[in-house]
2 protein chains.
Amino acid sequence: MKLRNSSVSAREVAARAGVSRSAVSRTFTPGASVSEETRRKVLEAAEALGYHVNQLARGLTRQESGIVCLIGSDLGTPYRANLMKALTQHLQNVGKVAMVINTDRLDGSVDLALRQAIRYRADGSIILSGMPDKSITRLCLNNGQRLVLINRDDEHDGPLHINLDEAAAMGAVLMAFLRAGCRRLAFANSAAGTPSLMAREKGFIAAAATMGLDVMTERHGFTCYDSGRVLAHRLLTRKERPDAVFCVTDLIACGFMDAARQEFGLRIPEDLCVAGFDDIEQAGWSSYGLTTFSQPIDDIAARAVAWLDQGGRSDAQPLPSFIRLPASMVWRQSIRKG
Amino acid sequence: MKLRNSSVSAREVAARAGVSRSAVSRTFTPGASVSEETRRKVLEAAEALGYHVNQLARGLTRQESGIVCLIGSDLGTPYRANLMKALTQHLQNVGKVAMVINTDRLDGSVDLALRQAIRYRADGSIILSGMPDKSITRLCLNNGQRLVLINRDDEHDGPLHINLDEAAAMGAVLMAFLRAGCRRLAFANSAAGTPSLMAREKGFIAAAATMGLDVMTERHGFTCYDSGRVLAHRLLTRKERPDAVFCVTDLIACGFMDAARQEFGLRIPEDLCVAGFDDIEQAGWSSYGLTTFSQPIDDIAARAVAWLDQGGRSDAQPLPSFIRLPASMVWRQSIRKG
DNA sequence: TTGTACGCGTTATCAC
DNA sequence: GTGATAACGCGTACAA
């Protein structure tokens, strides 16, 4: 066992195995032609020396680094964390590796992150939040990088867009509220104003309008538990108190439910029907039993990775660059059954 | 604006700027000597061409890739997700970037992940779960990689170990239970058997023994909400029902509390005192109001990153390779005040 | 300060 | 199947 403080290169392995450097390279290149004899000698020497292929050098000559950048904020949030987890898992399954860039406190946020992705010659980037400048998008594409935008409704051309069918979901939850006998509808939104959040708000209001109903709408703060509490205060103190509220996110719904029960003495679903979105783990906890919409996280991750991976193999036909996935309703106890 | 499908290199920038290729290199190397004039010309050409330094190539010549691997499982869990978030944030602050490797479904788990880290010539790796084989640890060290083990009590030599003072925390919570008048103590653990979880169990039992008290201990399943519910059933159906229970994790505590209240009709803290560990966001939600111990996540991340970063600058004196951080008690409503 | 030449570790191409 | 050789893009002595 060597004890130097630097890594061992293919040349050293070749020397020890008594073969050329190319033989070593071929041994570690899937689908290359090496005789069983040399292969054995190389692997033996590599094992003894502790040799590992240098992906930096490999990425330099091939046009593939194997790196995919995951760019987003609020990575500690249940939904985001699970999405990140699924993405890293799927990337690993196809032999790629995730490089995550946190845009929480970044100035140029996404643009800066994408520049970092370019510097590491990432094969692609997956964007979970923020909207990249159009010029940066072009820059990535020119650098041979593939882009995936998840739940961002930007109209960029070139990247893959993965979105949910928010309108259909909002139609479904409205029907559920109506079947439960609710007529005084409310929508609790955060002030973040991201495309998917706004799509839910618009979808819900539009669906209600179809039935000739109005919606009390409030927006406040970040998309978190505490905002849910504040929104509950705003909506439940109105002269005409809502009997059904859609919370734009499960996190907000949890805060809303806690405030509604503990500070307003409301029973759910008897006095108030509540629904959320994301189907985070807490929605299933028995303190909440929240009826919500599940984001098809695993499917999203699979599609995103497949799109990026297909970029490598040139024989594949182009996939559609707009994917709209359904969010299926998860029935629990926070809406009365009609 | 160029429209090729490959990235632009320093040579092209040099050509356009009318300088040598080294001039370009120097312009993008902090602390190199370039005249203001050439620097301007280079930056101008770089901007026009959309040039970005190739970190793969840079990492090849320098002995630093700027990559740090984050290795762990259960990355969707609140505590883990927040730790990952803090780590990526701190890494970015010192100009490094996080490469995350999910060990959830990996066969050789940590060992495999560390091999991946070596292949990408990571400057270091931070391990959140699993215990690397001693030989792999050596391998990393030999490859010039620095290692940080968080909350793993392994006795490896060379890596930085960051642990919490679990014993002190257990002493504190025992005192709190006693002051609340509790005597029938219980400990709800998962079956994971990781070092930090077992340290809490041992610490709690030892503290109780000091006071001449016994502890009803149960272990079950993964470290999650559902296990908490099962553990509640196991412990609360005992002939001598506990009046205080320490849950090894907040997640388990939440499940335990829900089951205790809803299935056993117990009031917390009147009939049963509960405490947890981690101080995840949900512990502060008003449905739980869980008294717990906060993991100093930001401090942990800062220390880990500082240790890795110091490896680069050779003028720094070695930091201690064992750090024990205190977990401070966060008082809420789940323990009666004495 | 600037340019030249070489090395970093790997893969691809080409003869053999 | 195997071995030289030329890239890949960059940092850096070294000489100018």
Side-chain angles (χ1 to χ4, degrees), chain A residues 4-43 45-46 49-67 118-123 143-144 312 314, chain B residues 4-42 45-46 49-67 118-123 143-144 312:
Chain A
R4 316 174 318 148
N5 196 355
S6 79
S7 49
V8 18
S9 75
R11 187 168 60 184
E12 310 178 45
V13 177
R16 173 158 180 145
V19 298
S20 73
R21 273 167 288 158
S22 331
V24 179
S25 176
R26 279 190 274 262
T27 302
F28 291 98
T29 301
S33 69
V34 203
S35 77
E36 207 46 54
E37 172 65 9
T38 37
R39 171 183 211 79
R40 193 189 50 72
K41 285 194 292 187
V42 168
L43 286 176
L49 262 40
Y51 169 73
H52 292 261
V53 175
N54 187 333
Q55 292 281 24
L56 271 45
R58 170 176 277 182
L60 204 53
T61 58
R62 298 184 176 180
Q63 249 4 1
E64 252 183 303
S65 64
I67 297 175
I118 293 177
R119 282 203 286 277
Y120 276 98
R121 296 303 187 264
D123 299 338
N143 283 39
S314 51
Chain B
R4 318 174 319 148
N5 194 356
S6 79
S7 48
V8 19
S9 76
R11 188 168 57 185
E12 311 178 43
V13 177
R16 171 158 183 145
V19 297
S20 78
R21 209 180 43 71
S22 8
V24 179
S25 177
R26 280 190 271 262
T27 302
F28 290 99
T29 302
S33 71
V34 205
S35 75
E36 208 45 55
E37 172 63 9
T38 36
R39 172 183 210 78
R40 193 189 51 71
K41 286 194 291 186
V42 168
L49 263 39
Y51 170 74
H52 291 262
V53 175
N54 187 334
Q55 291 283 25
L56 270 44
R58 171 176 276 182
L60 206 53
T61 58
R62 297 185 176 177
Q63 247 6 2
E64 252 183 304
S65 63
I67 296 174
I118 293 177
R119 283 203 286 275
Y120 276 98
R121 297 303 187 264
D123 298 338
N143 283 39

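Just so you know, these numbers come straight off a predicted model, no measurement behind them.
Within the nucleic acid shown, B/V24 has no heavy atom closer than 4.0 Å to any nucleic acid atom. Residue contacts shown for B/Y51 are limited to sugar-phosphate atoms, with no base heavy atom under 4.0 Å away.
Phosphate proximity of D/dG11 to B/S25: present, with a side-chain N or O under 4.0 Å from OP1 or OP2. Contact between the side-chain N/O atoms of B/S35 and the OP1/OP2 oxygens of C/dT2 is found at a separation under 4.0 Å.
With D/dC8, C/dC8, C/dG3 as the choices, the nucleotide that has an atom nearest any side-chain atom of A/R11 turns out to be C/dC8. You'll find that the side chain of B/S9 is closest to D/dG9, out of D/dG9, D/dG3, C/dA5. Side-chain proximity of B/R121 to C/dT10, C/dT2, D/dG9: nearest is C/dT10. Nearest to the side chain of A/R26, among C/dT11, D/dC10, C/dT13, sits C/dT13. With C/dT10, C/dG9, C/dT4 as the candidates, the nucleotide lying closest to the side chain of B/L60 is C/dG9. When distances run from any side-chain atom of A/S33 to the nucleotides D/dG3, C/dG9, D/dG1, the shortest one goes to D/dG1.
Ranked by how close their nearest DNA chain C nucleotide is to the 5' end, B/S20 and B/A57 are led by B/S20.
Between A/H52 atom NE2 and C/dG9 atom P there is a gap of 15 Å when expressed in whole angstrom units.
The closest side-chain heavy-atom distance from A/T38 to A/T27 is not below 4.5 Å.
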